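Remarks on the structure that follows.
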Amino acid sequence: MQKTNSPAVYVDLDDVIAKTTCHYTDILKRELGKSVDFEEINTFNLQESFSLTDAEYDYFFKLVHTPEIILGLKPMEGAVDVLNRWKKLGVKISVVTGRLTSTYDTSLEWLKSNKVPFDSFIMVDKYSRPGADKNKAISLEDLSGMEFVLAVEDSFDMAQFLCRKMNTAVILFDKPWNRNAVLNNGIQRLSTWKEIGSFFKLPQGLNQSVF
C-alpha cells in the first residue's frame, strides 16, 4: 500500500464489525446441544472453548460459514457510525478478515446490506487453512507490506503481528479470549466502538504514532 495523504486503517470483520461469536453460542446449543456462556470462551480456539470432537467441530465450522449464518449476523453497536465518521474525515478503511475464501461474496454482501463503509476488502490467509483460494486471500507476508496508521483486532496473535511485524498501532477489542494477554507497547485494549471512536480522531490519525 503506497503512502497517501489519507490515513489507512485496518479493521477486522468478525467480532469487531460483526457480532459473530456471540451468535455462535446460540448455534452451538441449537445444533449440538452444548451450552457455553460467551464469557467462558477463553481461547481463540473454538474447538477447545466449545469442547468439540473433531467431527463436531468440522460440522460446526462448515455451518457457521454458510451464507445463511453469515447474512444473519448483526453489526457491533456503534461500528457503522464510527466507520462512517472516519470515512467522512478522509480515513481509508480496509476491512480485513481471515474467513474462508468461500465466503468472499457473502461477506461483501453482508457489508453492503449492513451499510458498512469501506474502501477495500482484504481476505488474509491468517491461519494457513488448506484449500484457501490464493486469488482471493493474500498471505501474511503480503499483508506485512501494507501500511496502516491503526488496526482494530480481537485476535491477540494478529495484534502482535500487526504491532511487531508491521509497526502498526493496534486497538485490541476486548473479548473473553484475549483478556489474559499481556499487552506490549503499541497495543491498547478498548471495549466498545464508542471508546474507539473517542480514542482515534483526526488530525491525530495523520501522525506517525497513534499512541
Side-chain angles (χ1 to χ4, degrees), residues 1 3-4 6-22 38-39 41-44 73-99 107 110-111 114-124 126-127 138 140 143-211:
M1 181 179 292
K3 290 184 179 180
T4 67
S6 298
V9 171
Y10 163 124
V11 188
D12 185 45
L13 179 50
D14 289 309
D15 294 302
V16 174
I17 299 176
K19 285 183 177 180
T20 305
T21 304
C22 61
F38 180 76
E39 292 297 322
I41 305 173
N42 56 14
T43 173
F44 202 74
L73 299 176
K74 303 297 183 184
M76 294 286 292
E77 288 86 352
V80 175
D81 290 340
V82 172
L83 293 175
N84 270 317
R85 188 158 71 246
W86 285 356
K87 188 165 179 60
K88 288 177 182 177
L89 291 171
V91 175
K92 298 299 182 184
I93 300 167
S94 293
V95 174
V96 185
T97 183
R99 284 180 180 176
S107 297
W110 184 89
L111 289 168
N114 285 281
K115 299 180 180 178
V116 177
F118 63 97
D119 295 280
S120 62
F121 175 68
I122 306 170
M123 280 195 153
V124 181
K126 297 180 180 180
Y127 314 110
I138 65 173
L140 284 171
L143 177 68
S144 70
M146 298 181 176
E147 194 168 299
F148 303 98
V149 298
L150 181 72
V152 188
E153 256 286 355
D154 69 294
S155 163
F156 180 60
D157 286 345
M158 275 305 300
Q160 287 187 304
F161 179 88
L162 288 154
C163 182
R164 295 176 177 176
K165 179 77 172 178
M166 299 176 60
N167 197 31
T168 300
V170 182
I171 291 173
L172 184 65
F173 209 117
D174 182 68
K175 300 292 178 181
W177 51 87
N178 64 40
R179 290 202 183 127
N180 291 328
V182 178
L183 306 188
N184 51 284
N185 291 335
I187 302 178
Q188 173 84 26
R189 181 188 298 277
L190 295 175
S191 301
T192 66
W193 271 103
K194 183 178 181 180
E195 290 179 350
I196 295 171
S198 297
F199 180 82
F200 179 71
K201 293 181 179 179
L202 294 176
Q204 183 180 18
L206 293 170
N207 296 338
Q208 287 294 319
S209 176
V210 179
F211 299 153

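These numbers were taken from a predicted model, which means no experiment stands behind them.
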Distance-minimising heavy-atom pair for [X] and [Y]:
X      : Y      : value
Cys163 : Asn185 : SG-O, 3.4 Å
Pro75  : Val80  : CB-CG2, 4.3 Å
Arg99  : Ser107 : NH1-OG, 2.8 Å
Ser191 : Phe173 : O-CE2, 3.2 Å
Ala8   : Glu147 : CB-O, 3.7 Å

Which value, rounded to the nearest 0.5 Å, describes the distance between [X] atom [atom1] and [Y] atom [atom2]?
X      : Y      : atom1 : atom2 : value
Leu190 : Ile196 : CG    : CD1   : 6.0 Å
Tyr127 : Asp157 : OH    : CG    : 8.5 Å
Met76  : Lys19  : CE    : NZ    : 7.0 Å
Asp14  : Asp154 : CG    : CG    : 8.0 Å
Gln160 : Met166 : CD    : CE    : 14.5 Å
Asp119 : Ser6   : CG    : OG    : 8.5 Å

Exam field: side chain Asp12 to backbone Val152, donor-acceptor pair closer than 3.5 Å: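 No.
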Pair Phe38 + Trp177: ring centers closer than 6.0 Å: yes
Any [X] side-chain heavy atom under 4.5 Å of [Y] side chain:
X      : Y      : answer
Trp110 : Ile17  : yes
Leu183 : Phe156 : yes
Met158 : Val170 : no
Asp81  : Trp193 : no
Arg189 : Asn178 : yes
Val96  : Val124 : yes
Leu111 : Phe121 : yes
Ser144 : Phe161 : yes

Modelled atom types, side-chain donor and acceptor of Thr20 and Asp15, under 3.5 Å: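 Judged by distance alone, the side chains do not pair up.
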side-chain contact (heavy atoms from CB on, under 4.5 Å) partner of Ser94, the single match among Val9, Ile122, Val11: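 Only match with Ser94 under side-chain contact (heavy atoms from CB on, under 4.5 Å): Ile122.
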Arg164/Asn184 under side chain to side chain contact (heavy atoms under 4.5 Å, CB included): CA gap, chis, key distance, verdict: CA-CA 10 Å; Arg164 295 176 177 176; Asn184 51 284; 4.1 Å; yes
Cationic N near anionic O, under 4.0 Å, Lys175 to Glu39: no
Chi angles and distances behind the salt bridge (Lys or Arg N to Asp or Glu O under 4.0 Å) call for Glu153, Lys126: CA-CA 13 Å; Glu153 256 286 355; Lys126 297 180 180 180; 2.8 Å; yes
Side chain to side chain contact (heavy atoms under 4.5 Å, CB included) between Val82 and Lys194, intermediate numbers included: CA-CA 8 Å; Val82 172; Lys194 183 178 181 180; over 6 Å; no
